[in-house]
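To start, the structure under review is shown below, and the notes come after it.
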Amino acid sequence: MVIDSIPISMEKILQILKEKGIRVTHQRLAVYKVLCKENNHLTAEEIYEQIKPDNPVVSLATVYTILDIFKGKGLVNEIRIHFDKSCFETRVDQHHHFSCKQCGLIFDVDMKFCQGLKNKEVQGHAIESMQGYFYGTCRRCRKS
Ligand SMILES: [Zn+2]
Ligand SMILES: [Zn+2]
């Protein structure tokens, strides 16, 4: 795993955590850093596996706790595209997801919202959040 190719600097991560009022610890930094890698939608287990080599004392329970804190502060988005386990990402604006049944990757999907969703109302119900999940074969797997 090439952790050095992250498109975000450590200073930037520190700044983001501080702006959200999150106390900075080595493990919290490590979790956020892994999630910042491009196109990453990771489960707590995957995050744990990636940070463990540099954080030998970290536990999976700690990773869950950190993700909870991040979620509470609006720093990460939790998606349930795989029903049995949550995935986390640092992109927190409204967007949808596509899951490839062949390679298992999850892609961000940007679509125009219909009028009802723009008004944040559907049949009299007020919408606070929404997530659309699509399943199929991704463009790369379709070619091969
Ligand atoms: Zn695929
Ligand atoms: Zn996403």
Side-chain angles (χ1 to χ4, degrees), residues 1-140:
M1 207 37 69
V2 194
I3 292 199
D4 291 326
S5 68
I6 309 158
I8 185 166
S9 68
M10 207 41 140
E11 291 87 75
K12 182 77 190 159
I13 295 177
L14 279 168
Q15 190 193 331
I16 292 168
L17 293 184
K18 275 183 195 150
E19 272 169 13
K20 293 282 182 183
I22 293 170
R23 194 169 54 85
V24 175
T25 67
H26 190 65
Q27 295 176 350
R28 289 176 186 181
L29 277 177
V31 169
Y32 196 73
K33 199 171 148 187
V34 166
L35 277 171
C36 281
K37 281 193 285 179
E38 226 171 319
N39 252 336
N40 255 355
H41 300 84
L42 298 174
T43 64
E45 286 83 3
E46 286 167 338
I47 295 166
Y48 172 65
E49 289 303 325
Q50 288 197 36
I51 68 168
K52 205 166 58 171
D54 292 327
N55 299 268
V57 296
V58 79
S59 69
L60 182 57
T62 306
V63 172
Y64 274 113
T65 306
I66 292 170
L67 288 169
D68 252 4
I69 294 167
F70 285 178
K71 210 173 69 181
K73 295 277 188 183
L75 202 58
V76 298
N77 187 26
E78 179 179 10
I79 58 171
R80 283 278 188 160
I81 194 162
H82 300 142
F83 304 110
D84 53 338
K85 56 186 169 191
S86 293
C87 293
F88 297 87
E89 64 177 341
T90 54
R91 186 177 165 186
V92 291
D93 64 312
Q94 205 82 252
H95 65 286
H96 304 309
H97 291 94
F98 182 94
S99 168
C100 176
K101 62 179 187 234
Q102 290 193 30
C103 66
L105 285 178
I106 297 170
F107 299 86
D108 286 337
V109 175
D110 291 292
M111 293 172 71
K112 277 213 176 86
F113 293 118
C114 65
Q115 201 55 46
L117 297 186
K118 265 190 212 139
N119 297 341
K120 300 238 171 192
E121 197 184 288
V122 63
Q123 295 176 354
H125 310 300
I127 301 168
E128 282 173 12
S129 67
M130 59 190 130
Q131 296 191 347
Y133 300 142
F134 303 93
Y135 301 87
T137 310
C138 76
R139 54 176 174 260
R140 211 176 50 191

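- Nearest heavy-atom pair, His82 versus Gly104, reported as atom, atom and distance to 0.1 Å: CE1-O, 4.4 Å.
- Residues Gln27 and Val57 have side chains in contact (heavy-atom distance under 4.5 Å, counting atoms from C-beta outward).
- When all heavy atoms are compared, the tightest approach of Pro56 to Pro53 is CD-O, 4.4 Å.
- Between the CD1 atom in Ile81 and the OG atom in Ser86 there is a gap of 12.0 Å [rounded to 0.5 Å].
- Here the NZ atom belonging to Lys101 is positioned 11.0 Å from the SG atom belonging to Cys138, to the nearest 0.5 angstrom.
- Contact annotation: the side chain of Val92 never approaches that of Leu75 to less than 4.5 Å [non-hydrogen atoms, C-beta and beyond].
- A donor and an acceptor atom, one from each side chain of Thr65 and Thr62, are nowhere located under 3.5 Å apart.
- Between Tyr133 and His97, the angle of the ring planes lies from 30° to 60°, which puts this pair in the tilted group.
- If you take OG on Ser129 and CD on Gln94, they are separated by 6.5 Å, rounding to the nearest 0.5 Å.
- Scored by the salt bridge (Lys or Arg N to Asp or Glu O under 4.0 Å) test, Asp93 finds Arg91 as partners (sequence neighbours excluded).
- The backbone N or O of Glu46 lies less than 3.5 Å from no partner atom in the side chain of Glu49, so there is not a single donor-acceptor pair.
- One distance of note links CG of Leu35 with CD1 of Ile47; it measures 4.0 Å at 0.5 Å rounding.
- For the side-chain contact (heavy atoms from CB on, under 4.5 Å) test, residues two or more places apart in sequence or in another chain that qualify with Tyr64 are Ala44, Glu45, Leu60.
- When the options Asn55, Leu67, Leu42 are evaluated for a side-chain contact (heavy atoms from CB on, under 4.5 Å) with Val31, the one that passes is Leu67.
- Under the side-chain contact (heavy atoms from CB on, under 4.5 Å) criterion, Lys71 pairs with Asp68, Val76, Glu78, Phe88, sequence neighbours left out.
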Test side chain to side chain contact (heavy atoms under 4.5 Å, CB included) on Leu29 and Met10; report intermediate values, then the result.
CA-CA 8 Å; Leu29 277 177; Met10 207 41 140; 4.3 Å; yes
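- Considering every non-hydrogen atom in both Val58 and Tyr48, the closest pair reads O-CE1, 3.5 Å.
- Glu89 and Asn77 share a donor-acceptor pair across their side chains, judged by distance under 3.5 Å alone.
- Using a 4.5 Å heavy-atom threshold, the side chains of Ile106 and Ile79 count as touching.
- Using a 3.5 Å distance cut-off with no hydrogens or angles, the side chains of Gln131 and His95 do not pair a donor with an acceptor.
- Qualifying side-chain hydrogen bond (donor to acceptor under 3.5 Å, both in side chains) partners for Lys12, counting only residues two or more places apart in sequence or in other chains: none.
- Summarising the geometry, atom CD1 belonging to Ile16 is positioned 8.0 Å from atom OG1 belonging to Thr90; distances are rounded to the nearest 0.5 Å.
- Remark: Leu105 CG to Phe98 CZ distance equals 10.5 Å, nearest 0.5 Å.
- Within the 4.5 Å cutoff, side-chain heavy atoms of Ile22 are placed close to those of Arg28.
- Residues Phe107 and His41 fail the side-chain proximity criterion, which asks for heavy atoms closer than 4.5 Å.
- Legend: residues meeting salt bridge (Lys or Arg N to Asp or Glu O under 4.0 Å) with Lys120, ordered by chain and number and at least two apart, are absent.
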Derivation and outcome, side chain to side chain donor-acceptor pair (under 3.5 Å), residues Asp54 and His26
CA-CA 10 Å; Asp54 292 327; His26 190 65; over 6 Å; no
With side chain to side chain donor-acceptor pair (under 3.5 Å) as the criterion, how do Glu19 and Gln15 come out once you've worked through the C-alpha distance, each side chain's angles and the decisive distance to 0.1 Å?
CA-CA 6 Å; Glu19 272 169 13; Gln15 190 193 331; 3.1 Å; yes
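- Every residue two or more places apart in sequence or in another chain was checked for a side-chain hydrogen bond (donor to acceptor under 3.5 Å, both in side chains) with Glu11, and none qualifies.
- Inter-residue side-chain proximity for Arg80 and Lys85 is flagged as unmet; no heavy-atom pair is nearer than 4.5 Å.
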